Amino acid sequence: MRLELSRAVQGCRLGLLTGLGNTGQHSLEVPGCLLYTCCATVPHLTQDTLHTLRDLPSVTQVSVDMYFAVHHMLMVSYAGLHDTVLFCSLHDSANSIPAGHVTNKTVSVWGSGGRIELTAARFMAIQAAIQPDFYQSMADGETWQAGTSRKRVRKAVDRTLAHLDECLVLHQKTQELKQSEIFGVVEGGDILEERLRSARETAKRPVGGFVLDGFHSAAMDQDVRVQLIKATSAELPQEKPRLVLGVGRPDEVISCVEAGVDLFESFFPFQVTERGCALSFNYNIDPDPETAGTSTPTVLEFNGEMPAVKKLNSNGDENMTPYEMNLKDKRYHDDFRPLVEGCSCYCCKKHMRSYVHHLLVTNELLGGVLLMLHNMAHYLGFFKSLREAITSDRLQDFKNRVLHCREGD
Amino acid sequence: MNDSQVNRTSLFKMSAPIPSSTHECEDSMASVKAVSSAAPLALRIVAECPVSKARACTLTLPHCAVYTPVFMPVGTQGTLKGITVDQLEDLDCQICLGNTYHLGMRPGPELIEKANGLHGFMKWNRNLLTDSGGFQMVSLVELSEVTEEGVKFRSPYDGKEILLTPEQSIAIQNSLGSDIMMQLDDVVSSTVKGPRVEEAMHRSVRWLDRCIAANKNPDRQNLFAIIQGGLDAKLRKACLDEMTKRDVPGFAIGGLSGGEEKDDFWKMVTLSTDHLPREKPRYLMGVGYALDLVVCVALGCDMFDCVFPTRTARFGSALVPWGSLQLKQKQYARDFQPIDPDCQCPTCRRHSRAYLHALFKSDTAALHHITIHNISYQLALMRSVRQSIIEQRFPEFVKAFMKRMFASGEQYPSWAVEALQSVNIDVR
């Protein structure tokens, strides 16, 4: 695995993660996201529906808890993922992890049978079975609750480093992991000193890259996050990739990219789908010059009326963000437009808001399928546009476009 | 020139072109029977079994040709349970069902009409058959009351009292724009006995006439009659006599597959096909188990529908030629075969029982995989049946089918053996 950086602009790193996969022929553009899966499947989607999506990320994310849900890792190949690159995280970021189950020597994951305690040895045995292309080391990430004491945060950093050292030893000894890279995990909660300590110490170890943990939305404010990631990032070797866990909202993604993050998970489109919403924010800064200023703009320039955000009480979810529209809202009953004008996903090319609304109201399974397709397509389009904006020095325009929907009606 | 195109231009006018069929080269018009010069339906009998009453036909409908015998999957609320219309088309489905009652409630006929009918709303370019809403009202809704006017019931969504008349059922179905519409019939459970059955039969005839009169689009939408009469041969015969006097493009055999004894069931089916016109399609409603399909094809039925294959998929049950696999069971946790090694569906080509077993606990995609398999199974079964009729080896097909499905001759259900015997197929 190699990270080839082509530019660094305003803190953003642009490049290509290459040498991925069995034969090293896969690559992933950075900044970018991985393909989120649950039980080795993109939620709601079968192969046929999944492959209506273009430019899928070449790296698929699985997590350790999936191993227990599935009983046997051969299922990864049977899921049709055998020719993709795998990254294995400890947890599934779409699910909240019950706290209080971490000890000095163990962390816990939840499988279909209940809680499973993992020592570093057991953790590494699972990695040997999964044989991911890269994986995060075992880590104590329980520092995200408000009011976590300094002592607890320090312990998390210490434990995580200890786990890393143990995992590294086992990694070198494990034949099945010869082709895999282990990523160190940076902890430290919201305490700058601990973050720096964790970063510096982790950077001393022979890891292939870094996973930034404990930065998800519930853990801290945006400003604190940015500040801490910037500081952390400065301590990490430039040539190794940085992946942040638990961050998915477009605004948070952008600020993390500016702070030096390369890789993200893509659980966010799935969460949006589960609340019956469709991503609708505009990310296109290049309107077709032939239509600009003439007739109605089409290509993602105009995403319709303001999303039903302010009125969250109308069967909205309190987790709903300004970047999405609530398709369960009555206003879509007879709206015959596609979810997002100009979107080329299967749902937008074939169907209309009215139909998706109907599917959600009647609790039909196809609703989830169509929303998942649209939300993944939209999210991938967002990352692509982000990379293009960085490439063409138009990051500010891009930010204005994406973030403007937060600035009121 | 493709025969279906010839049929279309000579028998009925339409604005939208039918995609040409790639399945069969149909060369002559000689055996085409015009159902009626006005109805948008043509039935061509391609082959008949010389032994039984089975027939293989090509049924030309406004959106495309349908090859019978055919199984029609049920897409109740304008969607086939998690499957996209593209996936359904890839499975070679030519016709599926929508439910007038459900769609009439949500999103309502006005909205669907605005969206260019149910075809335009769900973006299904092939044929649609809608039922009348009568069955749901009796089976789903408590305290429904049937009068000569129609069926009165209380909406489960807003508690309002609603009256569904024959005219209203047809009006909704006209808005839905289905290729085949069903008359509103007075539905009585097959386990009910006594004068109610006769009353319902006569009323259904009267309602048929009202439905025929109410059809705004006879040039684009076919209205099928539904033969009633319960399990009473005399009543059924009377119904057949009356309804066949009406010039409808097709007939359904109704009032069965509702929990009655199979011995009574098949006798009513065969009595019905004995008295239905040869040159019009026969649609047996609510029949979907593989055995029932094969037997009823032998008895002369052309079209079938049932929620069973799609519903059972959502409980993790995969249909196979030798029965079904309950994929939720532990025994499949490490079974790395596909559901059916001989099945060509997308699920069997890519995934194992073990994968589906594990996936079932965590994601809806498992349901989609199994639904695709079950629909594929049903459609493939009908295709094999049809091919065997065309190749004049249907009785052999039936024998092989029974052998595969049941461990031994003793296990063949006696009703099926008798029914097949009645049409000269001896499976024992």
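Just so we're on the same page: letters track the sequence lines, and every chain starts at 1. Because the structure is a prediction, the values reported are computed rather than measured.
For the pair B:Arg154 (side chain) and B:Lys160 (backbone), a donor-acceptor distance under 3.5 Å is absent. Listed for the B:Arg126 side chain is no donor-acceptor partner under 3.5 Å among the backbone atoms of B:Cys64. No donor-acceptor pair closer than 3.5 Å links the side chain of A:Asp133 to the backbone N or O of A:Ser180. A donor-acceptor pair is defined here as one N or O able to donate and one able to accept, closer than 3.5 Å; no such pair exists between the side chain of A:Gln47 and the backbone of B:Pro346.
At a heavy-atom separation below 4.5 angstrom, chain A is approached by B:Ala115, B:Gly120, B:Phe121, B:Met122, B:Lys123 within residues 115-124 of chain B.
Shortest non-hydrogen contact noted between B:Trp322 and B:Ile339 is CH2-O, 4.1 Å.
In this structure, no portion of B:Asp90 lies under 4.5 Å from any heavy atom of chain A. Looking at A:Met352, the atoms closer than 4.5 Å to chain B (heavy atoms on both sides) all sit in the side chain, from C-beta outward. With a threshold of 4.5 angstrom between heavy atoms, B:Ile83 approaches chain A through N, CA, C or O but not through any side-chain atom. Contacts of A:Val361 with chain B are made by both backbone and side-chain atoms, with heavy-atom separations under 4.5 Å. With a threshold of 4.5 angstrom between heavy atoms, A:His358 approaches chain B through side-chain atoms but not through N, CA, C or O. Of the two parts of A:Phe336, only the side chain, counted from C-beta on, holds a non-hydrogen atom closer than 4.5 Å to a non-hydrogen atom of chain B. At a 4.5 Å heavy-atom cutoff, the contact between A:Ser354 and chain B is made by backbone and side-chain atoms alike.
Defined by atom type and a distance below 3.5 Å, a donor-acceptor pair is missing between the side-chain atoms of A:Ser93 and A:Gln61.
Taking the side chain to side chain contact (heavy atoms under 4.5 Å, CB included) definition, one finds that B:His102 meets it with B:Thr76, B:Gln77, B:Asn99, B:Gln136, B:Leu140, B:Tyr157, sequence neighbours left out. For A:Pro338, the side chain to side chain contact (heavy atoms under 4.5 Å, CB included) partners are A:Glu341, A:Cys348, not counting sequence neighbours. Listed by chain and number, the residues in a side chain to side chain contact (heavy atoms under 4.5 Å, CB included) with B:Ile162 are B:Met105, B:Phe153, B:Ser155 (sequence neighbours excluded).
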